[in-house]
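Because only heavy atoms are used, hydrogens play no part in the values below, and waters and symmetry mates are left out as well, while side chains stay in.
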Amino acid sequence: MLRIVYDVKPAVEALDAMAERVRDLRPAWRAIILYLKAATIQQFASLGARLGSPWQPLSPAYEAYKAVKYPGKPILRATDAMFESLASTTADSIVEMEPQAMTYGTRDRKARWHQRGTSRMPARKILGLIAQDKQM
């Protein structure tokens with residue numbers, strides 16, 4: 001006769017401990033927020049190319065205006081308010097972490113128009129994920 005006795009109590013305790021850690025994902029959210037900020041900085045630095053579609057050039061009229069009002073500033077960085085709200089922490093930053101959910105974004109109203117585009121302006125995606133991000 002062969003008899004195997006296995007005490008499952010240590011395995012159950014280990015699974016319970018793991019379940020407890022997954023109930024509050026805020027430690028993971030902190031790392032993910034840092035990653036999203038870095039990815040957003042890369043998106044601005046690449047003028048949209050990080051997400052696979054470089055931002056379209058400015059209209060000639062706005063480009064001329066911007067050259068006078070904000071000389072040398074790249075696309076979407078005239079005042080840097082929107083960029084700073086996503087790349088660091090400002091009054092317009094949105095970073096909310098709950099045990100099972102997190103939110104990252106900006107209160108800057110222009111961000112929505114740039115992300116989606118309008119009838120008068122092409123979309124210039126600010127936020128998004130690429131395949132590499134999804135494997136993180």
* **Donor on one side chain, acceptor on other, S93 and Y104, under 3.5 Å** => no

* When F83 is tested against each of T40, I41, L76 for side chain to side chain contact (heavy atoms under 4.5 Å, CB included), which residue passes? -> I41

* Decide yes or no for L127 and L86: does some side-chain heavy atom of the first lie under 4.5 Å from some side-chain heavy atom of the second? => yes

* Pair Q42, S46: side-chain N/O donor-acceptor within cut-off below 3.5 Å -> no

* **Enclosure of R112 CZ (heavy-atom neighbours >12, cutoff 6.0 Å)** => no

* **Side-chain heavy atoms of T79 within contact of K69, under 4.5 Å** => no

* Got a donor-acceptor contact below 3.5 angstrom from the Q100 side chain to the L25 backbone? -> no

* Answer yes or no: is there a side-chain heavy-atom contact under 4.5 Å between R26 and P99? => yes

* Does any donor atom in the side chain of R50 or Q43 lie under 3.5 Å from an acceptor atom in the other side chain? -> no

* Could you state the interatomic distance from NZ (K66) to CZ (R77), rounded to the nearest 0.5 Å? -> 9.5 Å

* Asked: Is any side-chain heavy atom of L58 less than 4.5 Å from a side-chain heavy atom of I75?
  -> yes

* If you round to the nearest 0.5 Å, how far is CG of D92 from CZ of R109? -> 11.0 Å

* Indicate yes or no for a side-chain donor-acceptor contact from R124 to the backbone of Q56 under 3.5 Å, with no hydrogens or angles considered. => yes

* Please examine the side chains of L47 and P54, heavy atoms only from C-beta on, and report whether any two atoms are closer than 4.5 Å. => no

* With a 6.0 Å cut-off on ring centres, are W29 and Y35 close enough? -> no

* What heavy-atom pair brings I126 and A111 nearest, and what distance separates the two atoms? -> CD1-O, 3.8 Å

* Are M82 and H114 side-chain neighbours, meaning at least one heavy-atom pair lies under 4.5 Å? -> yes

* I94 versus E96: any side-chain heavy-atom pair under 4.5 Å? -> yes

* Asked: Does W55 share a hydrophobic cluster with Y62, counting links as ILVMFWY side-chain heavy atoms below 4.5 Å and allowing steps through other members?
  -> yes

* Asked: Would K9 and D7 pass as an ion pair if we require N to O under 4.0 Å?
  -> no

* **Single-linkage hydrophobic cluster M102~V22, side-chain heavy atoms < 4.5 angstrom** => yes

* Search all heavy atoms of K37 against all heavy atoms of V95 and return the closest pair with its distance. => CE-CG2, 4.5 Å

